[in-house]
Asker: 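Take this structure, written in structure tokens, and hold onto it; I'll ask about it next.
Every heavy atom of this structure was used, including side-chain atoms; hydrogens, water molecules and symmetry mates were not.
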Amino acid sequence: MGWPGSREDVIFRLSDTYLLSSRANLGAGNFDMALNRINTLRRRAAVTPSERDNMEVSTVDLDFILDERARELLGEHDRWFDLKRTGKLIDRAKEYNIFVTKYNNIGNMHLLRPIPQDEINKVDGLTQNTGY
């Protein structure tokens, strides 16, 4: 007997755990372990040993981990939350998003999402986030 529907939903991804561990170790000053976690993923992803094993511990920083998250979790997780949580949303959007560069259309208002009108209608005194 089959379940109704056929869409799969990712609940847990081991690579996400390794990336979160790398970020936590980086924040705790455990740079060797942060690199180790990243290299575990890169080894599985068949990054060449010379490219992987010659990495310096000093190359692992928040931007490197965010780049690795983008490569590893492309299309599976909401990038906005990663960038918002790390305080990199506006800077990285300006650096990597060609439309933001072309139209200069990102600002502090984008650090919050708009509240759906249905939710505003349900709660007395709830107002829309500034800019929306």
Side-chain angles (χ1 to χ4, degrees):
M1 177 178 212
W3 293 93
S6 61
R7 294 182 67 187
E8 294 182 11
D9 191 16
V10 175
I11 296 172
F12 180 81
R13 181 72 70 199
L14 184 58
S15 58
D16 189 27
T17 303
Y18 276 92
L19 290 162
L20 288 171
S21 176
S22 180
R23 171 72 177 100
N25 278 290
L26 179 71
N30 300 328
F31 305 110
D32 288 327
M33 185 56 77
L35 177 58
N36 178 278
R37 295 291 189 234
I38 292 289
N39 276 338
T40 299
L41 293 178
R42 293 168 65 84
R43 191 174 300 107
R44 188 234 353 114
V47 172
T48 62
S50 62
E51 188 179 23
R52 181 184 66 240
D53 297 337
N54 292 328
M55 285 182 56
E56 299 286 328
V57 172
S58 61
T59 61
V60 178
D61 60 6
L62 180 57
D63 287 315
F64 183 82
I65 292 172
L66 287 171
D67 289 343
E68 198 66 28
R69 286 186 73 79
R71 287 186 287 270
E72 184 69 31
L73 304 174
L74 179 67
E76 291 185 13
H77 289 73
D78 194 339
R79 182 88 170 136
W80 183 86
F81 289 108
D82 288 339
L83 297 175
K84 164 92 167 65
R85 182 181 67 246
T86 57
K88 297 280 191 167
L89 176 66
I90 293 174
D91 293 339
R92 288 181 71 94
K94 286 180 178 179
E95 185 173 353
Y96 296 112
N97 187 315
I98 61 172
F99 297 109
V100 169
T101 302
K102 181 177 180 179
Y103 299 111
N104 192 27
N105 61 352
I106 193 167
N108 287 336
M109 72 176 268
H110 295 103
L111 296 175
L112 296 174
R113 294 283 176 95
I115 301 171
Q117 188 61 49
D118 284 347
E119 300 305 315
I120 293 172
N121 294 343
K122 293 176 191 175
V123 180
D124 289 334
L126 184 62
T127 58
Q128 186 58 269
N129 288 326
T130 303
Y132 292 101

Asker: V57: what forms a side-chain contact (heavy atoms from CB on, under 4.5 Å) with it, not counting sequence neighbours?
Answerer: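 Counting only residues at least two positions away or on another chain, V57 forms a side-chain contact (heavy atoms from CB on, under 4.5 Å) with F31, D32, L35.
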Asker: Output the rest of the hydrophobic cluster of L126: all Ile, Leu, Val, Met, Phe, Trp and Tyr residues reachable through side-chain heavy-atom contacts under 4.5 Å, sorted by chain and number.
Answerer: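 So far as hydrophobic clustering goes, L126 is joined with I115, I120, V123.
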Asker: Suppose we screen for side chain to side chain donor-acceptor pair (under 3.5 Å). Which residues come up paired with D61, at least two apart in sequence or across chains?
Answerer: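 Counting only residues at least two positions away or on another chain, D61 forms no side chain to side chain donor-acceptor pair (under 3.5 Å).
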Asker: Who clusters with Y103? Use side-chain heavy atoms, under 4.5 angstrom, across I, L, V, M, F, W and Y, and order the result by chain and number.
Answerer: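 Other cluster members: I98, F99.
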Asker: For residues 121-132, which residue pairs pass the salt bridge (Lys or Arg N to Asp or Glu O under 4.0 Å) check, not counting sequence neighbours?
Answerer: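 Matches after skipping sequence neighbours: E119-K122.
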Asker: Going by side chain to side chain donor-acceptor pair (under 3.5 Å), name the residues that satisfy it together with R23, two or more places apart in sequence or in a different chain.
Answerer: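 Result, side chain to side chain donor-acceptor pair (under 3.5 Å) vs R23: none returned.
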Asker: Would you please name every residue forming a salt bridge (Lys or Arg N to Asp or Glu O under 4.0 Å) with E68, sequence neighbours left out?
Answerer: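 For E68 the salt bridge (Lys or Arg N to Asp or Glu O under 4.0 Å) partners, ignoring immediate neighbours, are R42, R71.
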Asker: Can I get a per-line list of side-chain donor-acceptor pairs under 3.5 Å for residues 104-114, giving both atom names and the distance, sequence neighbours left out?
Answerer:
residue, atom, partner, partner atom, Å
H110, ND1, G107, N, 3.0
H110, ND1, G107, O, 3.4

Asker: Could you give all pairs that pass the salt bridge (Lys or Arg N to Asp or Glu O under 4.0 Å) test and reach residues 98-109, with sequence neighbours left out?
Answerer: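 Output for this query is empty, none listed.
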Asker: Report the residues that fulfil side-chain contact (heavy atoms from CB on, under 4.5 Å) with D16, sequence neighbours left out, ordered by chain and then residue number.
Answerer: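 Residues passing side-chain contact (heavy atoms from CB on, under 4.5 Å) with D16: R13, L20, R69, L73, H77.
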Asker: Partners of K88 by salt bridge (Lys or Arg N to Asp or Glu O under 4.0 Å), sequence neighbours excluded?
Answerer: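 Here the qualifying residues are D63.
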Asker: Taking side chain as C-beta onward, heavy atoms only, is F64 less than 4.5 Å from I38?
Answerer: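 Side chain of F64 against side chain of I38, heavy atoms only: contact under 4.5 Å found.
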